[in-house]
Number of protein chains: 2
Amino acid sequence: MATSAVKKTARTAEDLMDNRSVYDPSSPNFRLENSPFYLMAHADFKYHEDMDIVLHKHGVSKPIYRVMTVLRERQPASIGAIAEAALTKRSTISRIIDRMVEQGLVTTEPNPEDNRITEVTLTPAGQQTLRKLTPIVGRQFSRAMDGVSDRDIAHLLRTLQKISANLSKLPIE
Amino acid sequence: MATSAVKKTARTAEDLMDNRSVYDPSSPNFRLENSPFYLMAHADFKYHEDMDIVLHKHGVSKPIYRVMTVLRERQPASIGAIAEAALTKRSTISRIIDRMVEQGLVTTEPNPEDNRITEVTLTPAGQQTLRKLTPIVGRQFSRAMDGVSDRDIAHLLRTLQKISANLSKLPIE
DNA sequence: TAGGTGTAGAAACATATGTTTTCGGCTAAT
DNA sequence: ATTAGCCGAAAACATATGTTTCTACACCTA
């Protein structure tokens with residue numbers, strides 16, 4: 001037969017405790033289903049996949065929602081600052097903001113101290129939309145975290161923050 | 001004042017143990033830097049950001065690398081199977097495979113049992129390229145996981161697998 | 001065996017993102 | 001004061017992805 005038979009294609013995390021090679025991508029034993037970064041991408045993908053459908057019914061795309069999430073925290077914010085926080089290129093954010101202005105979700109005005117900078121602010125309508133979306137997102141979050149204890153979530157956050165910090169240092173090669 | 005003053009904008013994971021609201025997106029206390037899904041996206045983004053630069057020097061784009069990673073596990077694989085595993089649409093994978101054929105990384109042939117299916121296989125050159133890339137990716141992985149114990153990684157995997165499983169059930173609304 | 005239904009993949013089409021260039025405004029050095 | 005250089009944003013351009021449509025094939029049922 002062409003495909004060599006493998007007894008167990010997916011092992012449980014338990015099996016790995018003493019077998020780092022299974023999740024290290026440079027090992028021949030590596031399994032995609034046990035790769036942290038693959039699982040992150042997978043979780044993130046699934047998380048947004050069905051949420052986007054719901055958001056679209058409210059005229060809000062995934063990138064627009066991301067921008068709103070950023071703006072909820074610090075407002076006003078420049079295009080560049082939003083781009084950095086939203087992990088997207090400035091030009092892309094610039095256009096997204098254009099659409100949001102058209103939809104009446106945000107307003108823009110030049111920074112009085114530096115005319116190059118465009119400050120973006122949520123309109124009352126934008127805040128209203130965000131409030132309407134919040135419970136929907138909350139339900140999706142709960143769905144994702146079903147059966148995951150607060151201790152586990154805290155642990156997850158700690159590890160993810162550590163990884164992010166590591167990767168923010170100077171890159172390889 | 002418009003924005004109510006918050007003493008600490010970024011709390012450590014430790015603080016959250018008894019304060020779920022800070023990472024629940026439906027809470028007003030929510031902070032992006034404490035959101036699991038934001039952190040996943042952030043880690044994934046940074047992980048690939050500098051790796052892509054290195055890969056490009058070897059003529060391999062991020063999606064191409066992803067496909068190769070999938071093929072390393074099960075070979076041959078159909079376009080659809082690759083698409084699903086790589087979290088990408090079939091049409092996109094179809095075109096990526098075209099490029100890979102041009103580069104001599106893979107070959108395609110119709111499945112003898114079902115003529116609709118296109119089976120994709122890594123060429124020796126493709127496997128060679130993959131081997132060359134492996135240590136680079138391994139270094140990046142090590143960099144990301146620096147200071148993270150095997151126990152922590154195992155815990156991370158367990159949690160991520162749980163979340164992925166939750167999100168693979170029927171969606172909300 | 002013929003016809004309906006569903007699936008895999010490719011082609012055509014539309015959209016979104018990234019890259020490069022341009023423009024205006026800030027800043028510092030001469 | 002003038003100019004060179006830098007930076008933020010937007011416009012122009014190129015690329016990549018997603019969506020829809022089409023074709024061929026498999027399978028099921030009458």
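Bear in mind that the values here come from a model prediction, so they are computed numbers and not experimental data. Each chain gets a letter, A, B and so on, in the order the sequences are listed, and its residues count up from 1.
Atom P of nucleotide D:dG18 and atom NE2 of A:His56 are separated by 13 Å, given to the nearest angstrom. Straight-line distance from the CG atom of B:Leu87 to the C1' atom of D:dG18: 15 Å, rounded to whole Å. B:Glu49 places its CD atom 11 Å from the P atom of C:dG18, with the value rounded to the nearest Å. Here C:dT7 presents its P atom at 19 Å from CD of B:Glu113, a figure rounded to the nearest Å. Atom CD1 of A:Ile79 and atom P of D:dA10 are 5 Å apart (whole Å). Atom pair B:Lys89:NZ and D:dA16:P shows a separation of 18 Å (rounding to whole Å applied). One can place CD1 of B:Ile96 at 15 Å from C1' of C:dA10, the figure rounded to the nearest angstrom. The nearest whole Å value for the distance from the CD atom in B:Glu84 to the C1' atom in C:dG9 is 16 Å.
Out of D:dA9, C:dC26, C:dA12, the shortest distance to the side chain of B:Arg95 is found at C:dA12. Of the candidate nucleotides D:dA26, C:dG25, C:dG18, C:dG18 has the atom lying nearest to any side-chain atom of A:Thr92. You'll find that the side chain of A:Ser94 is closest to D:dA10, out of D:dA10, D:dG18, C:dA16.
Side-chain atoms of A:Arg143 and A:Gln140 form a donor-acceptor pair, as typed in the model, at a separation below 3.5 Å.
Under the 4.5 Å side-chain criterion, counting only non-hydrogen atoms from C-beta, B:Glu33 is not in contact with B:His42.
Both A:Asp114 and A:Arg99 sit near DNA chain C, but only A:Arg99 has its closest nucleotide nearer the 5' end. Where B:Ser78 and A:Thr88 meet DNA chain C, the nucleotide closest to each residue was compared, and B:Ser78 sits on the side nearer the 5' end. Nearest-nucleotide positions on DNA chain D place A:Arg90 closer to the 5' end than the other of A:Arg90 and B:Arg116.
The aromatic rings of B:Tyr23 and A:Phe141 lie tilted to each other, with the angle between the two planes from 30° to 60°.
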**Message:** Go through it in stages, so that I can follow the logic: the residues are A:Arg66 and A:Ile96, the test is side-chain contact (heavy atoms from CB on, under 4.5 Å), and I'd like the CA-CA distance, side-chain angles, deciding distance and then a yes or no.
**Reply:** CA-CA 10 Å; A:Arg66 255 201 183 156; A:Ile96 292 170; over 6 Å; no
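At the heavy-atom level, B:Ser91 lies under 4.0 Å from base atoms of the strands shown.
Phosphate proximity of D:dG8 to A:Asn115: absent, as no side-chain N or O sits under 4.0 Å from OP1 or OP2.
With respect to A:Leu71, the side chain to side chain contact (heavy atoms under 4.5 Å, CB included) criterion is satisfied by exactly one of A:Leu122, A:Thr121, A:Leu105: A:Leu122.
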